[in-house]
Amino acid sequence: MSCTPTQTGINLTRLFAFVLWFSVLGAIQPAAAQSNVQIPEQAPEQAPAPLNDLGSQVPADSGAECGALKTVTQEFDNGARWSMCLDSNERENIVLSNVFYTPPDAQPLRVFGSLRLSQLHVVYDDSNVTFHDVTQFGLGGAFRVTLNEDDCPGGTLLNLNGEAAACTLLNKAANTAVTTQSAPGADSLSLFSISQVGSYAYTVRWQFYDNGALEPSISAAGALQRNTTDTRSLFGRVLEGVTDKSWLSHTHNYYWRLDFDLGDSGTDDAVYRIDWPLQPDGTRIKTRTRLTTETSDAVQPDEFRAWDIMDTDAPNSIGYRIEPLHYGHRLVQADKAPYTEFDFFVTTHNDCERFASQNTRFNPECDDSVLDYANGESLDNADLVAWHRISFHHLPRNEDRELMHSHHDSFLIQPRNILPVSGASAAPNNLAPVITLNHHQSATVGTAVNITSVAQDADQDTLTITADSLPDGLTLTERGGITGTPTGTGQFTTVLTVSDNFATDELTIEWRVIGASQSGVIPPLTLPFLLLMLWRRGRLRVRHAN
Amino acid sequence: MAMHANVRDSSHMTRPTFIPWLVLLTFVWLTPPVGAQSLRCDQASTAFEIAFDSGAGWQGCWRVDPIGGLTLSSVHYQTPDGNSRHALAELGLGGVLLHYDKNDSSQELLTQRGAMITGQPVCAGTTVASSDSLTTLCRTPFDAGHLLRYQNRQVKRQAGVRLSHAAKLGSFDWSVSYELLEDGTVRPGSTLSGRLGQFTDNPQHGNDILGADAADAIKPFAATATVVTNWRVDVSIGETFDNDIVEQFDFTSDNTSFDRRLMSQQTLNVETLRRTDPERFRKWRVYDAELSASTDGINATRVGYLLDPQPQSYRYRSNTINFAQFDLMVTVNNACERFILNNRSVYPDCADALDRFINGQLLADEDPVLWFSITRRIDPTLNDWPTLQPRKSQFSLIPFDWSQNSPFEQAVLP
């Protein structure tokens, strides 16, 4: 989509309409809902300078080149590295650009042209007030919090515009217990800033993992913003100790703007919708649909929908996947905010398409919301931008008074095929299974056989086991054993085959199954008779105690 | 407690003298030390205690069930002011369903394979507690980030302790963890890694990720799959378990131009199966009737725990498992109803599957148990061979009206 600027400066008509709308809204409420904090309104600023479009920039061998911007680089123990440029502005606050990931023993890979939170849309259940925090107030400037060491324990405070505006923190691997065979949890770099908007303290965080994954997140702390004196309100709760107010439930909608620029060129990326519809026979088949035009898309929980952004020019189909893993809450306001009907958008890159909503406050020559941006333009050979949103609905509880316990929301952008294949290591990727059973086996008719395991695999792979011609009465178990009770005597030959998909072991087992009378074991029914005979013949005496 | 008694020859003790001593000694032995929480774990379990600098803390018991894996019981949470209260009677896995896309049905891994321990578990944390030589519990403290942060006030960060255990489920490495946070939040979670378990020769059901190893493979594509982790959650508030009540919250649009959200509360009176409803922000709460305010309605304080299904996203559906289309189930607590499938293989005298546990029993005056499922996908990439990158799923049990207000406010005075 192209936008031709037709005017610059403050749009007074729109400002007047905005103020008028708020006045009308305030006048028609039966029980006035109150904010407990006065939020200073900021006048819309001048249209910002164009975003840094990387276009066809070729990265240096060290990754991001940031010029006047601050550079953030983190090397991990596994040899991987993330590097990026950091900037802050009054609207979105933190903007990351020229984001590179360097896999272990590999060349830097540009992943993102830019990353930012593009809107923080808060809707109250009484619907009397809706906030668009990024555009109405901003997360930067006066709303950005000066961080201290308690905000950034063990990390590094980053100075922007003369104050500690952001923190970088190295997180060691999530320390769940793992066995020696499993992949360790990933170390990560956490980069965040905090904004105080009204009563809310938002921590906007970007977490970069050593395996190439990225986790954008937001934590919301501070204090509850709005209440009503109508204590019978169905839109909130009266909390213990404050009997004259009902604190209003509300939903936070977070929108992230993700300008993917995979590899050397930012115009050869492709977006795919991935679904796994359930088939009538109970199986699932992957459907992978390339999105060829700007698209607004919704989650499909029953089909496990996800989205891939791939570099079409790279070998091994490298790219990233966005999986909507936190979708237990989903705000939809089809009439008031139609963009809320969708959860994922892909558009062509456009400097003036900056905010997910209220975009015209700062870009009056462009459309107003991300839904408008996605108007069907071709994505072929275009620089793509992905937009993703998460909702969180907050029902106030006693613990939220006076200060609210932080709640946290995030999603994961996972690499696909980016790490080097592990086969590069000296160790083999697969160790063959080994049959542990002796090739001579004996059994007795009527006596149970219980062999718990016939093979071992040093990799603990799932084994496929077949046994040709087991003696009658014996079967393979699901756990790879042999059980049963033989029913016939004789000699049997079983061919046992064990496979882990890559290697096979085979053994021919010779069975000798004998009858009970041959076994030398006294059959149970004959034992009492035998004892009786011995006793009668005086061969068996029972000693009595005196 | 060591007891010393000068026991005289009983023939020299007269009855009136002996009995008071016996009574006194018994009383001393049974009375817990002043200020200490009395916690007794059964023979199969080991006690744990967590104390935070704020005065908040946790007490409970843990065991590694040979089928179900790491399980917590008798879990108490203590607020910073020292008020300790029973929170969870038991928390553990109800089942793990693994459904390969190439198959028409799933397998339940716990009852088929058990959460067995093999290899030498390695704790990346700091403290390892063992109940015996076969089980290792990892106990790892961590910083859980900001708890309270407001304008220029002091920052209050929150600490947590992760209790975790490693096991094998088939070819997978399987880790179960319980994060116990300073503010009373409990986060059960599981992590799946290890080796890919299945391969296929149908590219519609798997991915070409084996690289050079594909030449040796019988089936060259790594099979894709769905993993459903079901948690059995016995929230039991206070000392009486059969007075807990389960509620469902919905926030329904009034479909006017204002698009208001009307909150409704529904007490669940009978064993039931429920779905999440993201557009109604559906949530569930278990609260203690005795500890709660006598008033009814939305504003009544209800001491309990909130199960927020925010981390639920994908919905597993199966042509063969009826209850799989639901996300939360509520049953009356029955000690032999423990596993969502093949339960009878472990408890022969009980019903076999979760939907059979639900048989119309009333929940009133009973101890309710929640069963909550989270679904994740395995869609392998090059990065998953030969070792599967960890897949984690987790949810939160959040204390709700546990305190009159935030018990940590004193830490952030202006």
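In what follows, chains carry the letters A, B, and so on, assigned in the order in which the sequence lines appear, proteins first and then strands, with residues in each chain numbered from 1. Only this structure's heavy atoms are used, side chains among them; waters, hydrogens and symmetry mates stay out.
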Identify whether the distance between the nearest side-chain nitrogen and carboxylate oxygen of B:D401 and A:R237 falls below 4.0 Å.
yes

Interface check, chain B: of A:T464, A:I285, A:L325, most non-hydrogen pairs under 4.5 Å belong to A:L325

Shortest non-hydrogen pair, A:L403 vs B:S406, comes out as O-CB, 3.8 Å

Minimal heavy-atom distance between A:F235 and B:R261, with the atoms involved, is CD2-O, 3.0 Å

Scored by heavy-atom pairs under 4.5 Å with chain A, the best of B:R282, B:K102, B:K283 is B:K283

Check your understanding: Got a donor-acceptor contact below 3.5 angstrom from the B:E279 side chain to the A:V332 backbone?
Key -> no

Note: vs chain B, highest number of non-hydrogen pairs under 4.5 angstrom among A:T251, A:V299, A:V123 is A:T251

Okay, B:N103 and chain A: the region with an atom under 4.5 Å from a heavy atom over there is backbone

So, the part of B:F251 with a heavy atom under 4.5 Å from chain A: the answer is side chain

If one checks every heavy atom of A:Q279 against chain B at 4.5 Å, the contacting part turns out to be backbone

Comparing A:V145, A:V242, A:L331, A:N211 against chain B, the one with the most heavy-atom pairs below 4.5 Å turns out to be A:L331

Report task. Side-chain contact test, heavy atoms from C-beta onward, threshold under 4.5 Å: evaluate it for A:R305 versus B:Y314 and give yes or no. Result -> no

request  = State, yes or no, whether a side-chain contact exists between B:Y150 and A:E402 at a heavy-atom distance under 4.5 Å.
outcome  = no

| Between B:K156 and A:D150, is there a salt bridge with N-O shorter than 4.0 Å? | no

Can you check whether B:D101 reaches A:T283 side chain to side chain, under 4.5 Å on heavy atoms?
-> no

Per-residue tally against chain A (heavy atom, under 4.5 Å) across B:Q325, B:R376, B:R149 peaks at B:R149

In short, A:S406 meets B:H146 closest at the heavy-atom pair CB-O, 3.3 Å

Closest non-hydrogen atoms of A:P153 and B:D143, given as atom of the first, atom of the second and distance, are CG-OD2, 4.0 Å

Would you call B:Q312 and A:Y327 a side-chain contact if the rule is heavy atoms closer than 4.5 Å?
no

Contact check, side chains of B:I218 and A:T504, non-hydrogen atoms, under 4.5 Å = yes

Bottom line for B:E179: the part with an atom under 4.5 Å from chain A's heavy atoms is neither

If one checks every heavy atom of A:N171 against chain B at 4.5 Å, the contacting part turns out to be neither

Handout entry: Short side-chain to backbone donor-acceptor contact, B:D259 and A:S127, under 3.5 Å
Key = no

Does the plane of the ring in A:H329 sit parallel, tilted or perpendicular to the ring in B:F281? Use 30° and 60° as the thresholds. perpendicular

Subject >> Sub-4.5 Å side-chain heavy-atom contact between B:I398 and A:R397 >> reply: yes

Taking every heavy atom of B:S403 against every heavy atom of A:E399, the minimum-distance pair comes out as N-OE2, 3.3 Å

Turns out that what part of A:T243 lies under 4.5 Å from chain B's heavy atoms comes down to neither

Only residue of A:N430, A:T462, A:D500 satisfying side-chain hydrogen bond (donor to acceptor under 3.5 Å, both in side chains) with B:R195 is A:N430

If you tally heavy-atom pairs under 4.5 Å between each of A:D281, A:I390, A:N417 and chain B, the highest tally belongs to A:N417

Item checked: Pairwise side-chain contact, A:N398 with B:N405, heavy-atom cut-off 4.5 Å (strictly under) -> no

Okay, A:I194 and chain B: the region with an atom under 4.5 Å from a heavy atom over there is side chain

Whatever's closer than 4.5 Å to a heavy atom in chain A on B:R317 counts as both

Any side-chain heavy-atom pair of B:M263 and A:D125 under 4.5 Å:
no

When the 4.5 angstrom heavy-atom criterion is applied to A:S249 and chain B, the contacting part is side chain

message = Less than 4.0 angstrom from a charged side-chain N to a carboxylate O is my criterion; do A:R321 and B:D379 meet it?
response = yes

Under 4.5 Å to a heavy atom of chain B? For A:K336 that would be side chain

When B:N207, B:D384, B:L382 are each screened for side-chain contact (heavy atoms from CB on, under 4.5 Å) with A:R416, the one that passes is B:N207

The interface call for B:S396 against chain A, heavy-atom contacts under 4.5 Å, is neither

Applying a strict 4.5 Å limit to non-hydrogen atoms, the region of A:D151 in contact with chain B is both

Bottom line for B:F408: the part with an atom under 4.5 Å from chain A's heavy atoms is side chain

(request) Would you check if the distance from the ring center of B:F199 to the ring center of A:F502 is below 6.0 Å? (result) yes

Chain A shares the most heavy-atom pairs under 4.5 Å, among B:F172, B:F395, B:W402, with B:W402

When the 4.5 angstrom heavy-atom criterion is applied to B:Y100 and chain A, the contacting part is neither

Nearest heavy-atom contact between B:Q151 and A:Q196 is N-OE1, 2.8 Å

When the 4.5 angstrom heavy-atom criterion is applied to A:S499 and chain B, the contacting part is side chain

